[in-house]
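Comments concern the structure below.
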Number of protein chains: 2
Amino acid sequence: MNKLSSDERLPLYQRLRDSLAQQIANNRWRPGEAIPTEAALSAEYCLSTGTVRKAIDLLVSDNILERQQGRGTFIRRAQFQSSLFRFFRFQTEAGERRVPESRILSVEPVVAPSSVAQALGLAAGAPVIRMVRLRLLDGQPVLAEEIWLPRARFQALLELDLDTQGPLLYPIYEDACGQVVACAQESLTAETVNDVYGRLLQIPVGSAVVVIERLALNYAGEPLEWRRSRGHASHFRYSVEIR
Amino acid sequence: MNKLSSDERLPLYQRLRDSLAQQIANNRWRPGEAIPTEAALSAEYCLSTGTVRKAIDLLVSDNILERQQGRGTFIRRAQFQSSLFRFFRFQTEAGERRVPESRILSVEPVVAPSSVAQALGLAAGAPVIRMVRLRLLDGQPVLAEEIWLPRARFQALLELDLDTQGPLLYPIYEDACGQVVACAQESLTAETVNDVYGRLLQIPVGSAVVVIERLALNYAGEPLEWRRSRGHASHFRYSVEIR
DNA sequence: CAGTGGTCTAGACCACCTA
DNA sequence: AGGTGGTCTAGACCACTGT
């Protein structure tokens with residue numbers, strides 16, 4: 001006999017959606033846990049199953065819930081899975097996805113070049129951290145990354161032994177610096193590789209590489225990280241649907 | 001008392017969706033025209049309104065139909081604005097968008113190479129039309145396109161003087177061949193340009209070019225056109241938002 | 001087996017548009 | 001006023017999952 005609190009003019013399925021989203025935000029259920037069954041919800045809120053289903057449909061299409069026939073409806077595990085997979089086909093012959101290893105080549109405190117400062121919304125010459133990283137599959141370099149971070153937020157990284165960490169940076173940002181990446185803007189182009197990156201990627205100078213520039217933001221929309229990645233074009237394929 | 005022809009194991013709303021998509025592809029209704037009301041469809045197919053609504057929901061979320069409360073449900077006008085703009089920055093200094101001119105270099109009936117046949121869903125060696133086209137801005141080549149069409153659908157193109165037509169192919173497909181492009185899948189990569197395309201694009205052999213492969217489909221999801229376009233990487237930039 | 005989500009029905013009533 | 005899509009009900013039966 002629960003009550004729907006939000007605006008009475010909204011349809012019931014919308015109000016139920018809002019109520020459930022609120023409870024999810026308040027951790028009534030943990031990620032991976034099941035919410036009550038559709039029957040239980042329709043009893044709790046005195047709604048028909050059709051209305052409950054429509055509310056759940058919305059949360060599923062929002063990527064907040066996940067249905068599993070015969071088992072239940074679950075809170076989606078928050079998985080900021082690297083967008084790499086959308087761009088590079090780092091896969092075995094069998095087509096299974098793999099996270100490339102990470103080899104950090106340098107981490108140094110520097111002052112921001114003007115282009116980087118502008119991307120990160122800092123004053124020119126502001127203190128930043130510059131990191132160069134190589135991603136490898138089976139020992140073969142596939143991606144070379146240049147990463148820039150505002151030092152004010154990421155000072156702790158300089159005192160950390162990054163080699164002992166996993167291959168993903170964003171969990172480290174979260175654990176060591178309390179900085180949570182919520183979303184990112186990426187921008188894609190191609191170029192022929194120069195000698196520096198040719199050597200890093202172990203490909204001939206003049207090969208075609210794809211260049212990905214990414215600005216990562218926190219939930220408040222503030223820039224956290226700017227990176228430029230280069231990878232051999234033969235590892236690269238990006239697909240879109242157009243309507 | 002219409003019959004749903006497709007696979008009996010599929011849910012009714014799926015089969016109705018397919019049936020409607022087929023009729024839309026066959027021009028039973030013109031773009032902008034209304035389809036029968038939900039009540040009429042549920043009578044015609046002997047389905048409840050809930051099932052009909054669900055089928056229409058799918059077509060709406062596919063961007064094929066458009067609901068207007070109190071008025072009806074309408075075939076969406078295909079605004080199919082060339083996706084070129086999303087990928088290539090063909091713009092004046094002022095930032096205004098321009099459609100590049102089209103220069104058709106060849107149109108010839110050939111048999112399909114196996115890769116093309118596979119993309120178009122044809123048997124290997126099936127009759128197709130191969131077209132080579134150059135897109136130019138201010139007389140400068142910016143994009144070289146290789147276009148493959150199933151001859152069964154596009155025979156009429158061979159008897160047409162394409163030079164007298166506009167720079168966009170899809171309106172020609174529609175007017176001359178009755179083939180309506182509803183959506184497309186594009187896939188993007190990069191390579192260093194060979195001598196043939198280097199000469200076409202008037203750029204040095206070995207420059208980085210972006211390669212776009214596109215499969216265009218009609219409303220029934222049947223392949224209509226496969227094309228591969230190459231353009232100089234410096235004209236190319238693609239942006240994405242990642243949640 | 002019992003319990004879950006997935007499909008489907010045959011309505012009712014409402015909000016909105018056109019005339 | 002009459003017709004449209006939008007919301008909602010109170011069920012039924014099915015397909016799938018776990019024990």
Side-chain angles (χ1 to χ4, degrees), chain A residues 1-21 24 29-30 32-77, chain B residues 1-21 24 29-30 32-77:
Chain A
M1 279 296 183
N2 209 316
K3 253 194 186 169
L4 291 171
S5 51
S6 62
D7 192 336
E8 279 190 19
R9 295 165 304 183
L10 292 172
L12 291 174
Y13 69 85
Q14 275 282 3
R15 294 163 64 195
L16 175 55
R17 190 218 93 97
D18 293 345
S19 168
L20 291 174
I24 292 167
W29 310 282
R30 305 294 309 170
E33 201 177 333
I35 64 169
T37 68
E38 298 180 351
L41 287 171
S42 61
E44 183 180 348
Y45 288 91
C46 300
L47 295 172
S48 79
T49 62
T51 304
V52 171
R53 276 190 70 79
K54 187 145 186 179
I56 294 178
D57 282 344
L58 292 178
L59 290 166
V60 168
S61 72
D62 284 348
N63 265 313
I64 293 176
L65 294 179
E66 190 175 4
R67 286 206 163 93
Q68 289 186 37
Q69 174 161 171
R71 304 220 313 128
T73 302
F74 301 83
I75 310 288
R76 264 188 81 118
R77 297 181 179 286
Chain B
M1 280 295 184
N2 209 317
K3 253 195 188 168
L4 292 171
S5 51
S6 63
D7 192 335
E8 279 189 17
R9 296 164 304 182
L10 291 173
L12 292 174
Y13 69 86
Q14 276 282 4
R15 295 164 64 196
L16 176 55
R17 190 217 93 98
D18 293 345
S19 168
L20 291 174
I24 291 168
W29 311 283
R30 304 295 309 170
E33 201 178 334
I35 63 169
T37 68
E38 298 180 352
L41 287 171
S42 61
E44 182 178 350
Y45 287 92
C46 300
L47 295 172
S48 78
T49 62
T51 304
V52 170
R53 276 191 70 80
K54 188 147 184 176
I56 293 177
D57 282 343
L58 291 179
L59 291 166
V60 168
S61 72
D62 283 348
N63 264 312
I64 293 175
L65 295 180
E66 192 174 3
R67 288 206 161 95
Q68 289 185 38
Q69 174 161 174
R71 302 219 316 127
T73 303
F74 301 82
I75 310 288
R76 261 189 81 118
R77 297 184 176 285

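Residue numbers begin at 1 in each chain, while the letters A, B, ... track the order of the sequences.
- Here B:Arg9 pairs with B:Asp7 under the salt bridge (charged side-chain N to carboxylate O under 4.0 Å, His left out) rule; sequence neighbours left out.
- Here D:dT7 presents its C1' atom at 14 Å from CG of A:Asp57, a figure rounded to the nearest Å.
- In this structure, B:Lys54 atom NZ and C:dG6 atom C1' are separated by 7 Å, rounded to whole Å.
- Every residue two or more places apart in sequence or in another chain that forms a side chain to side chain donor-acceptor pair (under 3.5 Å) with A:Gln68 is listed here: A:Arg71.
- Note: CZ (B:Arg67) to P (C:dA15) measures 18 Å, nearest angstrom.
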_Worked verdict on A:Ser19 versus A:Tyr45 for side-chain hydrogen bond (donor to acceptor under 3.5 Å, both in side chains)_ = CA-CA 10 Å; A:Ser19 168; A:Tyr45 288 91; 3.1 Å; yes
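- Rounded to a whole Å, the CZ atom of B:Arg9 is 20 Å from the P atom of C:dG6.
- Every residue two or more places apart in sequence or in another chain that forms a salt bridge (charged side-chain N to carboxylate O under 4.0 Å, His left out) with A:Arg67 is listed here: A:Glu38, A:Asp57.
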Protein-nucleotides 8-12 of chain D N/O pairs closer than 3.5 Å?
{"from": "D:dC8", "atom 1": "OP1", "to": "A:Leu12", "atom 2": "N", "distance (Å)": "2.5"}
{"from": "D:dC8", "atom 1": "OP2", "to": "A:Leu12", "atom 2": "N", "distance (Å)": "3.1"}
{"from": "D:dC8", "atom 1": "OP2", "to": "A:Tyr13", "atom 2": "N", "distance (Å)": "3.2"}
{"from": "D:dT9", "atom 1": "OP2", "to": "A:Ser48", "atom 2": "N", "distance (Å)": "3.0"}
{"from": "D:dT9", "atom 1": "OP2", "to": "A:Ser48", "atom 2": "OG", "distance (Å)": "3.1"}
{"from": "D:dT9", "atom 1": "OP2", "to": "A:Thr51", "atom 2": "OG1", "distance (Å)": "2.4"}

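- Rounded to a whole Å, the CD atom of A:Glu38 is 14 Å from the C1' atom of D:dA15.
- Computed from coordinates, the A:Leu65 CG to C:dG6 C1' distance equals 16 Å when rounded to whole Å.
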Show me the protein contacts with nucleotides 16-19 of chain D, counting only N or O atoms at under 3.5 Å.
{"from": "D:dC16", "atom 1": "O4'", "to": "A:Gln69", "atom 2": "OE1", "distance (Å)": "3.2"}

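- Contacts of B:Ile35 classified as side-chain contact (heavy atoms from CB on, under 4.5 Å), with partners at least two apart in sequence or in another chain: B:Trp29, B:Leu41, B:Ile56, B:Leu65, B:Thr73, B:Ile75.
- Partners of A:Gln69 by side-chain contact (heavy atoms from CB on, under 4.5 Å), not counting sequence neighbours: none found.
- Considering only residues two or more places apart in sequence or on other chains, B:Ala39 meets the side-chain contact (heavy atoms from CB on, under 4.5 Å) condition with B:Thr37.
- Remark: B:Pro11 pairs with B:Tyr13, B:Gln14 by the side-chain contact (heavy atoms from CB on, under 4.5 Å) rule, at least two apart or across chains.
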